[in-house]
Amino acid sequence: MAEKNENASGGAYRATLNMPDTAFPMRGDLPKREPGWVADWNSGGLYKRLRDARQGAPLFVLHDGPPYANGKLHIGHALNKVLKDMIVKSRQLAGFDAQYIPGWDCHGLPIENAIEKLHGRNLSRDDMQAKSRAYATEQINQQREDFKRLGVLGDWERPYRTMDPANEAGQIRAFKRVIERGFVYRGLKPVYWCFDCGSSLAEFEIEYADKKSDTLDVAFESNDAAGLAQAFGLSALPDGKQAFAVIWTTTAWTIPANQALNAHPELEYALVDTPKGVLLLGASLVEKCLERFGLSGNVLATAQGEALRGQVFRHPLYDLPDDINVPGNEYSYKRLSPLYLADYVSDGDGTGIVHSAPAYGVDDFNSCVAHGLRYDQILNPVLGNGVYAEELPLFGGQHIWKACPVIIETLREHGRLMATQAITHSYPHCWRHKTPVIYRAAAQWFVRMDEGEGVFTKDKAPKTLRQLALDAIDHTSFYPENGKARLRDMIANRPDWCISRQRSWGVPVPFFLHKDSGELHPNTMAILDQAADIVEKGGIEAWSRVTAEDILGADAPQYTKSTDILEVWFDSGSTFWHVLRGSHAKAYPNGASHAQGPEADLYLEGHDQHRGWFHSSLLLGCAIYDRAPYRGLLTHGFATDGQGRKMSKSLGNTVEPQSVTTKLGAEIVRLWVGATDYSGDLNIDDKILARVVDAYRRIRNTLRFLMANTVDFDPTTDAVPLDQMLEIDRYALARASELQAEILKHFDVYEFHPVVAKLQVYCSEDLGAFYLDVLKDRLYTTAPKSLARRSAQTALHQITHAMLRWMAPILSFTAEEAWAVFAKDSTQGSIFFETFSALPSANEALLAKWARIREIRDVANKAIEDLRTEGKVGASLQATLTITAGADDAALLRALGADLKFVTITSAVTVVDGAELAVTVTPSTATKCERCWHYADDVGAHAEHPTLCGRCVGNLAEAAGTGTGETRSIA
């Protein structure tokens, strides 16, 4: 912008013009310059100095949701960390002590998997822990440098890591508190189980994907056909036929573990006579079932499900010979399946009867236990690796997925398979391995959601955990608001939280269990304190080396030391306790953050964390002290390619932040984040980044023009009081003030894409296309120290101050680079010590007046452009205007007087009265001034300057101190 006018201003009088000049370069050269700013921030201890400068200011805490310490940063990491950084910096500029302590999630299965790939699967616990700690440390160091390179300011020298001994110990103490409040219990329950993880999974770790399965209808022979007939009011079954209850399932692998059948007490059931025997089916499903079985049949009788109470059936493989059904084998199929009544059964599909393998389904488990089945009677032949126990007849040693077709064929051979067909259905998968999971009964530690007894309850919570969490959600702000319903639904419907895992790399569950009764040692609560102290001094490795004898003394022979660990969501979910109130408590000068309220002002993560970190943190906050550990939750979408597709290496559509930073600069990544609505997914590809680069150039060029035209301005001596400034300059400040109010409202609710959009419009429309366009003549041609020029510079100087602060949270490197030039005398040396500018309040009347003037100017510009297209005029200064306007508009324009031509950037304007607004353009017949390029009748009137207009002669005289230049009151 400025360069165009410099080149345009040639001739002998060039030296008399006030040409723009600044050390702030036009080209950003971001990839080359940015690393220098990162180095300066680090070597100069900027984050620490910012904290010192804000001591005593209101505190703002964005608690970092720890990224996992495994693998190179992807664009999603960059999106997340840059968004957090923009929020923290905007709060810093708003005057808060805005702290940011980065963290890392360090325990858990992904790191164990990485170690097993590198070193094999048979590592000892000690070796796995040592190698995992070293690996996580290496990953953190790599990720930290990439985060710094993105311009993220934080306490990088002292981040929190969940594997730091203080945090590991703090987590054990948090666990103790959850126990004290009555939420922890041990139970045998079906939990999600991943064969690849070799461990139970939490609800958070499940995602659904399509899976191909075979459905099967299986016949269970009645153990008392006569009794079944009587239940339907029949004296006997026809011709002494066999009777069968038929079930429908998609999990053939559960049939070997069947222990019961379930029917609904209020549904109607039918006995159907068919060539293959008398079938017990849901009455409403008879027609569909017979069609599926390829049979004809007639209904003998119907009865309510309640009538089936007490009926007993045989396992489908009951009749196999004794060399298969070996007497005494707990898994022998020569067992009976009682029929229970359960409300979860429906007649929406299938047969209306559900087969129950209590080890592999929550409803099955609850039904069987409610009807008296003891935990030690539950059959659980599927091992943790997905293979059947060797003792299981026919299928032992086979993996369950491979055994499914074998089971189906075996049922067919023995006349118990009524039908089968392949389907594709939605099925739970491990979110890490993307492989199907199962429900599998295992003795685990749980956090209870509803009423019930916990172990060692000391200070029972006033409500259930579910009630506390739902109440806390109502006191939490959500950005965007729809996150509230999502989290509420998850809490309202979630089961108890399984918090134990059977792995090595994690915080221990420091329990000792009686070898006979399975009960906890009576000194468990004191042992938890002891364990925390040991871990705080030597890490989890120290506890691994502790023996039962070390802790229990004479009781040791009676107890077994638990080898379970707390699941990784307990690690990250409890960080508000063992980081904000523990390892980093001294970082918060007001005590443990908000002593009377939630720990953090904001948690921010991707929207998947409604079932992850947000969820576990909420449960633990409520379990420990009855409220959420956050005041607000912000969720963002995922980074997707330009077509909105998920990024994957196979598609070749990934965008690496390191590559963008190296090629275009981290500032472009930051502007992409800032310019995109994060409430949905954020598309990114080369074309999108090219548009971001263009937007960056427009903002930078505008900033450069502002700085270049204030290089000789000293606000302490040259500033013009507001009431003495030209009206258009006061309007420019009023418009900046109006915009700042809008921007600060957006910052207050963590919105950035409207800020970027408005900043771009402001640069291109308010400044570039209007104010700066009008201003150039005054800046370049009037006397350097004239009121006209100083008034303009006063406005530009204040606008630059404000604009740099608006930019700083998003375009941090550019704002810092510009600040070093613009405010070179600043004692602190960084824009982040500043606060948002105190601009004059917006004058509504002035804003309305100039908004209308700009509308009229737009009509004039279009008329000039039409004539330019016809080749009748070149630059707008070659044009003269006749503006026909109604009374109000005419008065408005006439009030501008001679300044109207400067507003329209033409050489002459005449205003005439008329009914409607219209603009007539004619080429000027006057002579062009060599210095200002205006067409004026008085060019040549001064013998000393035969090529200049009278206005330029006067301005030269004022500059020389020998005369008075032009006088303007408005423009």
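Throughout, numbering of the chain's residues begins at 1 and tracks the sequence.
Atoms CG and OG, from N167 and S572 in turn, are 12.0 Å apart once rounded to the nearest 0.5 Å. A distance of 8.5 Å separates CG of L787 from CZ of R778, quoted to the nearest 0.5 Å. From Y603, atom OH reaches atom CG of L634 across 14.0 Å, with rounding to the nearest 0.5 Å. L847 CG to R730 CZ: the interatomic distance, rounded to the nearest 0.5 Å, is 11.5 Å. Note that the CZ atom of R670 and the CZ atom of F752 stand 9.5 Å from one another [nearest 0.5 Å]. Atom CG of L722 and atom OG1 of T794 lie 10.0 Å apart (nearest 0.5 Å).
The pair R149-D146 does not count as a salt bridge, with every side-chain nitrogen at least 4.0 angstrom from each carboxylate oxygen. Between K663 and D686 there is no salt bridge, since no side-chain nitrogen of the basic residue lies less than 4.0 Å from a carboxylate oxygen of the acidic one. Salt bridge K48/D52: present, at least one basic N to carboxylate O contact under 4.0 Å. Ion pairing between K148 and E145 holds under the 4.0 Å rule for side-chain N and carboxylate O.
Cation-pi geometry between R700 and F24 is satisfied (NZ or CZ under 6.0 Å from the ring centre, within 45° of the ring normal).
Between the side chain of D681 and the main chain of G637, no donor-acceptor pair closer than 3.5 Å is present. Side-chain N or O atoms of T676 include none that pairs as donor or acceptor with a backbone N or O of L682 at under 3.5 Å. Not one N or O on the side chain of Q760 forms a donor-acceptor pair closer than 3.5 Å with the backbone of A695.
For the pair L796/L775, a side-chain contact is recorded, criterion being any heavy-atom separation below 4.5 Å from C-beta on. Using a 4.5 Å heavy-atom threshold, the side chains of I75 and P657 count as touching.
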Original post:
When you look at K84 and E605, which way does the salt bridge (charged side-chain N to carboxylate O under 4.0 Å, His left out) test go after all the steps?
Top reply: CA-CA 9 Å; K84 289 174 179 174; E605 296 301 328; 2.7 Å; yes
**OP:** Step by step, work out the ring pair (Phe, Tyr, Trp, His ring centres under 6.0 Å) result for W819 and H801.
**Re:** CA-CA 9 Å; W819 185 256; H801 265 289; 5.5 Å; yes
**OP:** Would you sort out whether W41 and F813 count as a ring pair (Phe, Tyr, Trp, His ring centres under 6.0 Å), showing the intermediate values?
**Re:** CA-CA 11 Å; W41 289 345; F813 289 117; 5.3 Å; yes
Original post:
So E816 and S830, side chain to side chain donor-acceptor pair (under 3.5 Å) or not? Walk me through it.
Top reply: CA-CA 6 Å; E816 192 78 318; S830 172; 2.7 Å; yes
**OP:** Show your reasoning for whether ring pair (Phe, Tyr, Trp, His ring centres under 6.0 Å) applies to F747 and F836.
**Re:** CA-CA 11 Å; F747 280 155; F836 291 116; 5.7 Å; yes
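Partners of Y771 under the side-chain hydrogen bond (donor to acceptor under 3.5 Å, both in side chains) rule, at least two apart in sequence or in another chain, are D729. Not counting sequence neighbours, the partners of D766 by the salt bridge (Lys or Arg N to Asp or Glu O under 4.0 Å) test are R735, R854.
Remark: the Y135 side chain and the N70 side chain contain an N/O donor-acceptor pair separated by less than 3.5 Å. A donor-acceptor contact closer than 3.5 angstrom is absent between the side chains of Q99 and D155. Side chains of N141 and R144: a donor on one and an acceptor on the other come within 3.5 Å.
Applying the ring-ring contact (aromatic ring centres under 6.0 Å, His included) test between H63 and each of Y160, Y630, W577, Y100 identifies Y160 as the sole match. Under the side chain to side chain donor-acceptor pair (under 3.5 Å) test applied with Q793, the options D718, N18, T710, D712 reduce to a single match, D712.
Side-chain rings of W806 and H746 stay apart, their centers remaining 6.0 Å or farther from each other.
For A628 against T476, the heavy-atom pair with the smallest separation is CB-OG1, 4.1 Å.
Using cut-offs of 30° and 60° on the angle between ring planes, the pair F822 and H797 is tilted.
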